[in-house]
Colleague: 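Shown below is the structure under consideration.
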There are 2 protein chains.
Amino acid sequence: MMGCPPEDAILAADVLIRSDLRGIDSHGVARLVGYVRLWEKKRINARPNIRIVHETPTTATVDGDAGLGLVVAPFAMKVAIEKAKIYGSGWVSVKNSNHFGIAGYHALLATEQDMIGVSMTNASPLVAPTYANERMLGTNPMCYAFPAGKYPPVVVDMATSAAANGKLEIAQRANKPIPEGWAQDKDGQPSTNPEQLKAGGSLLPLGGDKDHGSHKGFGLSATVDILSAVLSGANYGPWVPPFVAFLEPAANPVGEGLGHFLGAMRIDGFRPADDFKQHLDNWIETFRGAKPVDPAQRVIIPGEPETAFEKERALNGIPLIDAVVNDLNQLAEKFNLEKL
Amino acid sequence: MMGCPPEDAILAADVLIRSDLRGIDSHGVARLVGYVRLWEKKRINARPNIRIVHETPTTATVDGDAGLGLVVAPFAMKVAIEKAKIYGSGWVSVKNSNHFGIAGYHALLATEQDMIGVSMTNASPLVAPTYANERMLGTNPMCYAFPAGKYPPVVVDMATSAAANGKLEIAQRANKPIPEGWAQDKDGQPSTNPEQLKAGGSLLPLGGDKDHGSHKGFGLSATVDILSAVLSGANYGPWVPPFVAFLEPAANPVGEGLGHFLGAMRIDGFRPADDFKQHLDNWIETFRGAKPVDPAQRVIIPGEPETAFEKERALNGIPLIDAVVNDLNQLAEKFNLEKL
C-alpha cells in the first residue's frame, strides 16, 4: 500500500471514478498507475500535512506538502467555499501539489453549494507558446461551473491547448494522424503525426497558429500558469514537475511542486439564486435550440456530454480497455490485492 | 453635447484614447461615432445613476442605468478594488450597461494597486456556437492582468471568438480574404469572405471548428456571457443589445442592457507582492527567451505589443486614418466644436 489515510484514499478514488463516470477515461483509473509511479519515485507524499500558509478573509495559499493533487485540490476548494459562505467569494492558490485529475470535479464541489466554481491547474510542459519551438507550458485546463435549475450544471472544463494529451494518446494507440494545428515536430513545423510529441515536438495552444488565434490559447495557458503557480510559489512554465513518464523533473526548480487555482462565488452574492438558475435554464434552452448547420447535430451545452455519460455509466458501469485492466491487475499484484 | 457630466466625459475619453495609445485602433476614438449613434437612439443615458443594487463583503451587482460602459465599468472596477483592499478580493457583475471599450483598461486599474485584474463583457450577437448557424454570442472578451516588477504588466486581453469583428472590418476595407476558421456564411459553411458576416453569416468561436477546439471558444464565450449577464440580470446571448449599426436590439429583452464582470484580487492575499513580481519577471524572461521556430520572431508576452505601442504613440502621437478623421469632424460639426 502507498500508506494514504483511508479517507484520502477514498477521496482520491472518488475523483478518479467520477472522471470515468463522466466519460473522461484519460483522467480516470487509467491514471492510477501514473500516481503510483510518482509515489515510487518519492514525488508523492502519501501522508501530507496539507495546510493554509497565507490568507486574508477571501484569499489563501495552500501548501499541498507534495500530496496527491486528487486530495489537495478538494481541500483547497473547501477552503474557498468556506470563505465564500462568509464573505461572498473565496480564492485559493495552491503550491507543492501534484496532478489533480479532472478540473470539473473540484469546480462541481462549489455548484453543490449554489456557488460558481472555478478550477485550474498547471501541468507537464508539453505545449509550445506561439512562435516557439520549445515545450514550456502544460495543457493547463481552466474550468468554470455554474449551477442551473432544472438542468445539470453548465461546466466549461477545457485544456487551453488545441487538444489534450489524452487525445494524442488515443491517436497513437490507433495509429491515426491528428488534425493539423494540434502539434508541431521538433523543428517547429506543423505535424499530423501523433508520435512527434515524444520525439521532441510540442503540442500547440488553442488556436493552433497565430492566424487562428494561438496567441489567445497561449494567453489563457499563461493565465492558468500565473494564477496556479506564480501566485502560490509553485513551479511554473518549463519547471512544472511532469506527470508523463517520458519527461523528468527540472533540475533547478523555481518553486514547490505544481500549482492549482480554485475559486468559489456565492450566486446570491449577486442576485437571488433562483433568479439566476431560471435564467441559466433559459440560456441552456436557447443555445440548445439554436438553428443547427446540420439538423442531425444540435448545439452541445458545455458539460452536457459528461452528464449524459455519468447517467449512463452509473447505470451500466464503466467500460475499461484491456490495457487499463492489465495495468490495474499489475498494481493489484504489487500491492497484494484481489485482481479484477 | 450629449450632456455627460465633465468627469464622465473625461473618463470616457481616457478609455478611448488609451485604446488608441495601446494600438487597439478599432476600440479607440474611431468608436466615438458609434456611442453618439446609440445616444441619439436613446440607448445611452448621458447622466446615469450608476449604483450598487446587491452586495456582500466581496461581491456586488451594479446597475449601470444605461450609462456609457466606458464610465460604468471603471465604477464597477473601483467597487471591486475597494472590496479587495478590505477582504482580499472583490467581484462585480454589471447589468444595464453599454459597450465598455477595451477590457484591458479596466483590468489595468487593478494592477496599479498591486492586484490581479479581471474584466469581461458580453457584446453584440455575431458569433455562432459550435454546430450552429445562428448568431448567438458576442466576441465576449476576457481579460486577466498581472502586475510585474521591472516589466510592464502581463495583460491577456482577448476576444473569445477566432477573430474580433475589428479584424473583419480591416479585411473588408482592404477587400482581402480572411483566414478559414474565422467566419461562416449564412448557410453555416466556412467562408473566407469578410462580407459574409453582414450577409447573414457568423463569426466563429476561437478554434474555428470542432476538430480545432471551437467548443472551447464557445465555452469561454459562454463563461463570459453567464458571469456578465445571467449573474447580473443583463441581457445574454442573442438578446444582447448590439453596438454594431447593422443590427437592431431584440424586441423581447430578457434583462437590462448588456453586462460586464469585473474582479480584483490583492497579490499579497496570496504571497508578498515583491515575491510574486520577481517570479513574474522570471516568467516573462523565460518565455521571451524560448527557442523560436524562426530566429527573427521571438515569443510575444501577452500585453507586450500594446505596451510598445503605448510608449511609441505617447511620444509620436496617434495616427488616424482619413475615415476616422472625417467621422470626428462630422461629430465636431454636429456639436459645434472645433474640427481637427
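Note that the coordinates shown come from a computational prediction; the quantities given were computed from them, not determined experimentally. The sequence lines fix the lettering, A, B, ..., with proteins before strands; numbering per chain opens at 1. Note: hydrogens, waters and symmetry copies are ignored here, and every other heavy atom, side chains too, is used.
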Colleague: Measure distances from B:V156 to the heavy atoms of chain A and classify the residue's part below 4.5 Å as side chain, backbone, both or neither.
Modeller: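 For B:V156, the contact with chain A is made by the side chain alone.
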
Colleague: Given a strict heavy-atom distance threshold of 4.5 Å, which part of B:D275 is in contact with chain A: side chain, backbone, both, or neither?
Modeller: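 Neither; nothing under 4.5 Å.
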
Colleague: Within a radius of less than 6.0 Å around CG of A:D187, do more than 12 heavy atoms belonging to other residues, nucleotides or ligands occur?
Modeller: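 Yes, because the 6.0 Å sphere around CG of A:D187 holds more than 12 heavy atoms from other groups.
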
Colleague: Name the member of A:T286, A:I116, A:I301, A:I178 that forms the most heavy-atom pairs with chain B at distances under 4.5 Å.
Modeller: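 Most heavy-atom pairs within the cutoff with chain B belong to A:T286.
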
Colleague: Given that the side chain runs from C-beta out, which part of B:T223 has a heavy atom under 4.5 Å from chain A: side chain, backbone, both or neither?
Modeller: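 Looking at B:T223, backbone and side chain both touch chain A.
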
Colleague: Using side-chain heavy atoms (C-beta onward) and a distance below 4.5 Å, is B:F218 in contact with A:I300?
Modeller: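 Not touching, per the 4.5 Å side-chain cut-off.
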
Colleague: Between A:V230 and B:F276, is any pair of side-chain heavy atoms under 4.5 Å apart?
Modeller: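 Touching, per the 4.5 Å side-chain cut-off.
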
Colleague: What part of A:Y236 is in contact with chain B, defined as an atom under 4.5 angstrom from a non-hydrogen atom: side chain, backbone, both or neither?
Modeller: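 The side chain, not the backbone.
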
Colleague: Answer with side chain, backbone, both or neither: which region of B:A222 has an atom nearer than 4.5 Å to a non-hydrogen atom of chain A?
Modeller: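 Backbone plus side chain of B:A222, per the 4.5 Å heavy-atom cut-off to chain A.
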
Colleague: Check whether A:S89 gets within reach of chain B through its side chain, its backbone, both or neither, counting any heavy atom under 4.5 Å.
Modeller: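 Both the backbone and the side chain of A:S89 come within 4.5 Å of chain B.
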
Colleague: Where does A:A132 contact chain B at under 4.5 Å (heavy atoms): side chain, backbone, both or neither?
Modeller: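 Answer is both: backbone and side chain atoms of A:A132 are under 4.5 Å from chain B.
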
Colleague: If you count heavy-atom pairs under 4.5 Å with chain A, which of B:G208, B:G233, B:G90 comes out on top?
Modeller: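 Looking at each of B:G208, B:G233, B:G90 in turn, B:G233 comes out on top.
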
Colleague: Locate the shortest heavy-atom distance separating B:E180 from A:H212; write the atom from each residue and the value.
Modeller: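 Result for this residue pair: O-NE2, 2.7 Å.
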
Colleague: Tell me if the NZ atom of A:K277 is crowded by more than 12 foreign heavy atoms within 6.0 Å.
Modeller: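 Check passes, neighbour count above 12.
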
Colleague: Where does B:A60 contact chain A at under 4.5 Å (heavy atoms): side chain, backbone, both or neither?
Modeller: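 Contact with chain A is through the backbone of B:A60 alone.
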
Colleague: Go through the atoms of B:F270 and report whether side chain, backbone, both or neither lie under 4.5 Å from a heavy atom of chain A.
Modeller: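 The answer is both parts of B:F270.
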
Colleague: Examine whether an atom of B:F146 lies under 4.5 Å from a heavy atom of chain A, and if so say whether it belongs to the side chain, the backbone or both; otherwise answer neither.
Modeller: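 The side chain, not the backbone.
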
Colleague: Heavy-atom distance under 4.5 Å to chain A: side chain of B:Q278, backbone, both or neither?
Modeller: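 The answer is neither part of B:Q278.
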
Colleague: In terms of heavy-atom proximity below 4.5 Å to chain B, should A:V154 be classed as side chain, backbone, both, or neither?
Modeller: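 Just the side chain, heavy atoms under 4.5 Å.
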
Colleague: So, for B:G88 and A:T59, which heavy atoms are closest and what is the spacing to 0.1 Å?
Modeller: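 Scanning both residues completely, I find the closest heavy atoms to be O-CG2, 3.6 Å.
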
Colleague: Taking atom types as modelled, is there a side-chain donor on B:T58 or A:T58 under 3.5 Å from an acceptor on the other?
Modeller: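 Their side chains do not contain a donor-acceptor pair, so the 3.5 Å distance test is not met.
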
Colleague: Sort B:W283 into side chain, backbone, both or neither according to what part of it lies under 4.5 angstrom from a heavy atom of chain A.
Modeller: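 Both parts, backbone and side chain.
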
Colleague: Which atoms of B:Y144 are under 4.5 Å from chain A, going by heavy atoms: the side chain, the backbone, both sets, or neither?
Modeller: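 For B:Y144, the contact with chain A is made by the side chain alone.
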
Colleague: Can you tell me how far apart NZ (A:K85) and OG1 (B:T56) are? Round to the nearest 0.5 Å.
Modeller: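 If I round to the nearest 0.5 Å, the distance is 15.0 Å.
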
Colleague: Supply the atom-to-atom distance B:F287 CZ to A:E134 CD, rounded to the nearest 0.5 angstrom.
Modeller: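 Reported value, rounded in 0.5 Å steps: 9.0 Å.
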
Colleague: Heavy-atom pairs under 4.5 Å with chain B - which of A:G213, A:G181, A:S214, A:P179 has more of them than the others?
Modeller: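 Most heavy-atom pairs under 4.5 Å with chain B: A:P179.
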
Colleague: Against chain A, label B:V62 side chain, backbone, both or neither, depending on which of its atoms sit under 4.5 Å from a heavy atom there.
Modeller: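 Neither part; nothing is under 4.5 Å.
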
Colleague: Answer whether the closest heavy-atom distance between the side chains of A:P57 and B:Y87 falls below 4.5 Å.
Modeller: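 They are in contact (side-chain heavy atoms under 4.5 Å apart), so the answer is yes.
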
Colleague: Tell me, out of B:P292, B:G303, B:A229, who's got the most heavy-atom pairs with chain A below 4.5 Å.
Modeller: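 The option with the most such pairs is B:P292.
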
Colleague: Using a cut-off of under 4.5 Å for heavy-atom pairs, which of A:D211, A:T61, A:L231, A:L206 has the most such pairs with chain B?
Modeller: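 Between A:D211, A:T61, A:L231, A:L206, the count favours A:L231.
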
Colleague: Heavy-atom distances under 4.5 Å only: say whether A:W182 touches chain B with side chain, backbone, both or neither.
Modeller: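 When you check distances to chain B, only side chain atoms of A:W182 fall under 4.5 Å.
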
Colleague: If you tally heavy-atom pairs under 4.5 Å against chain B, which of A:G207, A:A84, A:G269, A:G188 wins?
Modeller: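 The answer is A:G269.
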
Colleague: Contact part of B:M265 toward chain A, heavy-atom cut-off under 4.5 Å: side chain, backbone, both or neither?
Modeller: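 The answer is the side chain of B:M265.
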
Colleague: What part of A:A128 is in contact with chain B, defined as an atom under 4.5 angstrom from a non-hydrogen atom: side chain, backbone, both or neither?
Modeller: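 Neither the backbone nor the side chain of A:A128 comes within 4.5 Å of chain B.
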
Colleague: For B:D225, is it the side chain, the backbone, both, or neither that has a heavy atom closer than 4.5 Å to a heavy atom of chain A?
Modeller: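 Contact with chain A involves the side chain of B:D225 alone.
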
Colleague: Any idea which of A:M158, A:E55, A:R298 has the most non-hydrogen atom pairs under 4.5 angstrom with chain B?
Modeller: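 Winner by heavy-atom pair count: A:M158.
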
Colleague: Looking at A:A290, A:P302, A:A162, A:S232, which has the largest count of heavy-atom pairs under 4.5 Å with chain B?
Modeller: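 Going by pairs under 4.5 Å, I would pick A:A290.
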
Colleague: Where does B:Q297 contact chain A at under 4.5 Å (heavy atoms): side chain, backbone, both or neither?
Modeller: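 Answer is both: backbone and side chain atoms of B:Q297 are under 4.5 Å from chain A.
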
Colleague: Determine yes or no for a side-chain-to-main-chain donor-acceptor pair under 3.5 angstrom, with B:H54 supplying the side chain and A:D268 the backbone.
Modeller: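 Checked: pair present.
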
Colleague: Rounded to the nearest 0.5 Å, what separation is found between the CG atom of B:N235 and the NE2 atom of A:H279?
Modeller: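 With rounding to 0.5 Å, CG (B:N235) is 9.5 Å from NE2 (A:H279).
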
Colleague: Return yes if some donor-acceptor pair links the side-chain N/O of A:K216 with the main-chain N/O of B:T160 below 3.5 Å, else return no.
Modeller: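 No, the answer is negative, given that no donor and acceptor are paired below the 3.5 Å cut-off.
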
Colleague: Find the one option among B:L280, B:D294, B:I226, B:L137 whose heavy-atom pairs under 4.5 Å with chain A are most numerous.
Modeller: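 Among the listed options, the one with the most contacts to chain A is B:I226.
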
